[in-house]
Amino acid sequence: MANGAFEIPPPVNEPILDYAPGSPEKAALKSRIETMLGEQVEIPLIIGGREVRTGKTRPVVCPHDHGHVLGTCHMAGAEEVQAAVDASAAAWHEWSEMPFEARAGIFLKAADMLAGSWRPTLNAATILNQSKTVFQAEIDSACELIDFLRFNAHFAQQIYRDQPTSSRGVWNRVEYRALEGFVFAVTPFNFTAIAGNLPTSPALMGNTVLWKPASSALLSGYYVMRLLQAAGLPDGVINFIPGSGAQVGDPVLASSQLAGIHFTGSTPVFQNMWGTIGSNIAKYRSYPRIVGETGGKDFVFAHPSSDVEQLCVALVRGAFEYQGQKCSAASRAYIPKSLWPAVRDGVADHVSQIAMGSPTDFRNFMGAVIDENSFDNIDSYLQDANGPGYEVITGGKGDKSTGYFVEPTVVRSDDPKSRLMEEEIFGPVLTLFVYEDSQLEEALQLCDTTSDYALTGAIFARERGEIESMAAALRHSAGNFYVNDKPTGAVVGQQPFGGSRASGTNDKAGSALNLMRWTSLRSIKETFDGPRSVGYPHMGEE
């Protein structure tokens with residue numbers, strides 16, 4: 001082992017490229033999109049570094065053009081899960097004993113590769129398979145993933161430096177060990193950066209990982225895995241095992257080697273996994289670490305003093321960027337009656353200017369929702385919205401004939417606890433409740449208690465005293481809280497992300513807190529010149 005106190009390069013957030021007309025980044029991305037549209041990729045499982053083809057495949061399509069097949073992906077079952085468990089066990093000792101600087105170097109290299117030649121590939125895959133606009137892809141599959149890789153290495157070094165004090169003649173220290181077993185990373189469709197972070201953050205801390213990507217975002221997941229391999233990740237450290245929840249999840253949760261869960265997805269799925277782990281607890285070699293970020297019913301609460309222009313922009317961007325499919329998307333809002341006419345007209349005007357269509361046309365603000373199941377679920381809420389108790393301000397319709405397109409929809413609800421005000425929709429539907437200005441406190445209480453979730457939220461007001469009192473009233477309603485800004489757009493290293501209540505364990509992705517969950521500490525006490533008699537001084541006399 002080399003002698004030296006190595007320093008991780010200080011992380012800086014990756015700059016967002018503009019993709020302006022005539023820019024080199026636009027030309028490179030357009031070229032990569034065109035290439036991907038003209039090919040069909042066969043996506044294998046990757047277990048112990050080996051490509052595995054099961055013959056059980058599913059198509060990989062464009063949500064905005066679901067007749068266009070981008071490729072096929074082989075799907076894992078119990079046999080492949082066991083092979084991945086075995087591969088992770090085979091890699092565990094060497095990987096967990098590898099010096100931190102060597103592990104970190106792999107992920108730092110991956111970050112630089114993604115910032116360079118791999119950027120068009122990950123962005124194009126995210127645009128085509130997840131129907132993200134160029135800006136939404138750039139801030140996700142490029143910038144945020146790069147930030148996770150760089151900042152996590154920095155946070156890990158901070159963790160390792162945190163050591164106990166020592167008394168005279170004693171040297172106390174703490175060793176941050178990998179968990180014994182494997183971590184199961186279950187990743188969502190909506191953020192390529194989350195799909196990359198959930199397996200790599202435990203791996204950075206010396207763990208081996210079984211990674212189940214979302215079945216509706218396989219193309220970008222596959223290229224993330226290829227990027228890590230190209231950066232020098234050893235075989236078996238991360239095993240890529242796409243498949244259905246039951247076919248992959250059931251055998252994983254039944255394995256005695258399960259050491260942790262790193263999850264982003266729906267609340268019911270996470271709760272079911274937690275329950276299964278509880279039922280199996282006596283079978284595991286150790287108590288599994290359970291880390292999850294789940295659903296949200298994220299809010300915007302406006303005070304009568306709000307800047308209406310800023311409020312309207314925040315509502316529209318917060319609700320409709322990436323078709324409302326962000327965990328943090330604005331889904332409900334509370335508007336004072338005195339501002340309602342101006343807010344209604346302002347929001348409707350902004351929405352009228354939104355262009356929706358294929359994200360390969362860079363002029364579009366919105367693409368399609370992810371798949372038919374999502375479309376049908378959102379449509380059930382739209383049917384409610386067009387019924388009694390609601391007023392549709394904009395939108396209210398969808399069309400899935402060519403792509404899964406849902407209009408940006410704004411609804412006013414008469415009932416502050418209606419279905420559209422309470423339930424997570426995960427689509428471009430914003431429901432508003434108009435409250436009497438004189439009932440501000442009651443409206444704040446409604447905001448805090450209406451939903452089981454507590455992921456993100458935003459307040460708008462001008463006067464500092466009102467901001468402080470509103471923030472206090474909503475203290476536990478959101479893990480990420482915004483003042484005079486939309487409730488989306490958390491940046492690694494600036495706003496660690498996660499929520500509580502039914503929204504998850506709040507272990508804050510993009511912070512040292514999350515990385516701490518993937519370590520098991522060993523306290524070491526070394527005595528330099530120990531006692532040479534059994535007795536103590538007080539025993540010298542009666």
Side-chain angles (χ1 to χ4, degrees), residues 140 144 148 185-191 193-195 197-198 201 214 245 260-275 277-278 289-301 318-319 321-322 324-334 374 377 381 417 419-427 429-431 444-459 470-483 485-492 494-511 513-514 516-517:
D140 167 25
E144 186 172 13
F148 273 132
V186 181
T187 62
F189 77 83
N190 59 338
F191 279 93
I194 297 175
N197 181 54
L198 266 57
S201 52
I261 298 283
H262 204 188
F263 176 91
T264 295
S266 77
T267 298
V269 171
F270 187 56
Q271 291 176 345
N272 183 65
M273 292 173 70
W274 196 306
I277 291 170
R289 304 288 175 86
I290 306 176
V291 174
E293 189 257 290
T294 58
K297 188 65 177 175
D298 309 301
F299 64 84
V300 174
F301 193 102
E321 287 182 330
Y322 192 43
Q325 296 176 125
K326 298 183 180 184
C327 308
S328 55
S331 184
R332 58 188 170 117
Y334 299 82
S374 178
N377 177 64
Y381 288 95
K417 294 199 172 185
R419 181 180 180 225
L420 269 68
M421 287 293 293
E422 284 191 329
E423 297 181 12
E424 182 180 36
I425 301 174
F426 220 67
V429 181
L430 172 64
T431 309
L444 285 167
Q445 185 177 21
L446 278 172
C447 182
D448 183 47
T449 59
T450 292
S451 171
D452 291 334
Y453 298 110
L455 188 53
T456 73
I459 59 172
M470 291 166 67
L474 299 173
R475 183 180 307 280
H476 298 285
S477 63
N480 280 61
F481 192 74
Y482 297 80
V483 178
D485 201 353
K486 61 185 175 65
T488 65
V491 177
V492 178
Q494 298 187 38
Q495 298 98 25
F497 190 79
S500 55
R501 295 181 181 169
S503 290
T505 58
N506 204 17
D507 286 296
K508 295 299 185 192
S511 75
L513 175 63
N514 182 277
M516 277 293 296
R517 298 286 282 151

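Note that the coordinates shown come from a computational prediction; the quantities given were computed from them, not determined experimentally.
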*E424 side chain to G296 main-chain N or O, any donor-acceptor pair under 3.5 Å?*
yes

*asked:* For the backbone of L198 and the side chain of H262, can you confirm whether one donor and one acceptor N or O come within less than 3.5 Å of each other?
replied: yes

*Qualifying salt bridge (Lys or Arg N to Asp or Glu O under 4.0 Å) pairs with a residue from residues 444-456, counting only residues at least two apart or across chains*: D448-R501

*Can you name the residues that form a side chain to side chain donor-acceptor pair (under 3.5 Å) with E423, not counting sequence neighbours?*
Y381, R419

*Residue pair T456 / F481, side-chain heavy-atom distance below 4.5 Å*: no

*By side chain to side chain donor-acceptor pair (under 3.5 Å), which residues pair with T267, not counting sequence neighbours?*
T294

*Listed by chain and number, what are the side chain to side chain donor-acceptor pair (under 3.5 Å) partners of S503, not counting sequence neighbours?*
none

_Which residues pass the side chain to side chain contact (heavy atoms under 4.5 Å, CB included) test with D485, not counting sequence neighbours?_
Y482

*Residues in salt bridge (charged side-chain N to carboxylate O under 4.0 Å, His left out) with K326, at least two apart?*
E321

*Who pairs with V186 by side chain to side chain contact (heavy atoms under 4.5 Å, CB included), at least two apart in sequence or on another chain?*
F184, F263, M273

*Mind checking what makes salt bridge (charged side-chain N to carboxylate O under 4.0 Å, His left out) contact with R289, not counting sequence neighbours?*
none

*Taking C-beta and beyond as the side chain, do T505 and F270 meet within less than 4.5 Å on heavy atoms?*
yes

*Using ring-ring contact (aromatic ring centres under 6.0 Å, His included) as the criterion, list what pairs up with F301, not counting sequence neighbours.*
Y334, Y435

*Where the side chain of R517 meets the backbone of D507, is there a donor-acceptor pair that is under 3.5 Å apart?*
no

*Partner set under side chain to side chain contact (heavy atoms under 4.5 Å, CB included) for A193, not counting sequence neighbours*: D140, E144, L145, F148

*May I ask you to test the S374-Q325 pair for a side-chain heavy-atom distance under 4.5 Å?*
yes

*When rounded to the nearest 0.5 angstrom, what distance separates NZ in K297 from OH in Y453?*
9.5 Å

*Contacts of type side chain to side chain contact (heavy atoms under 4.5 Å, CB included), residue V491, not counting sequence neighbours*: N13, D147, Q494, Q495

*Taking only residues two or more places apart in sequence or in another chain, which ones pass side chain to side chain donor-acceptor pair (under 3.5 Å) with T488?*
K486

_Test side-chain contact (heavy atoms from CB on, under 4.5 Å) applied to S328 and N480, step by step_ = CA-CA 9 Å; S328 55; N480 280 61; over 6 Å; no

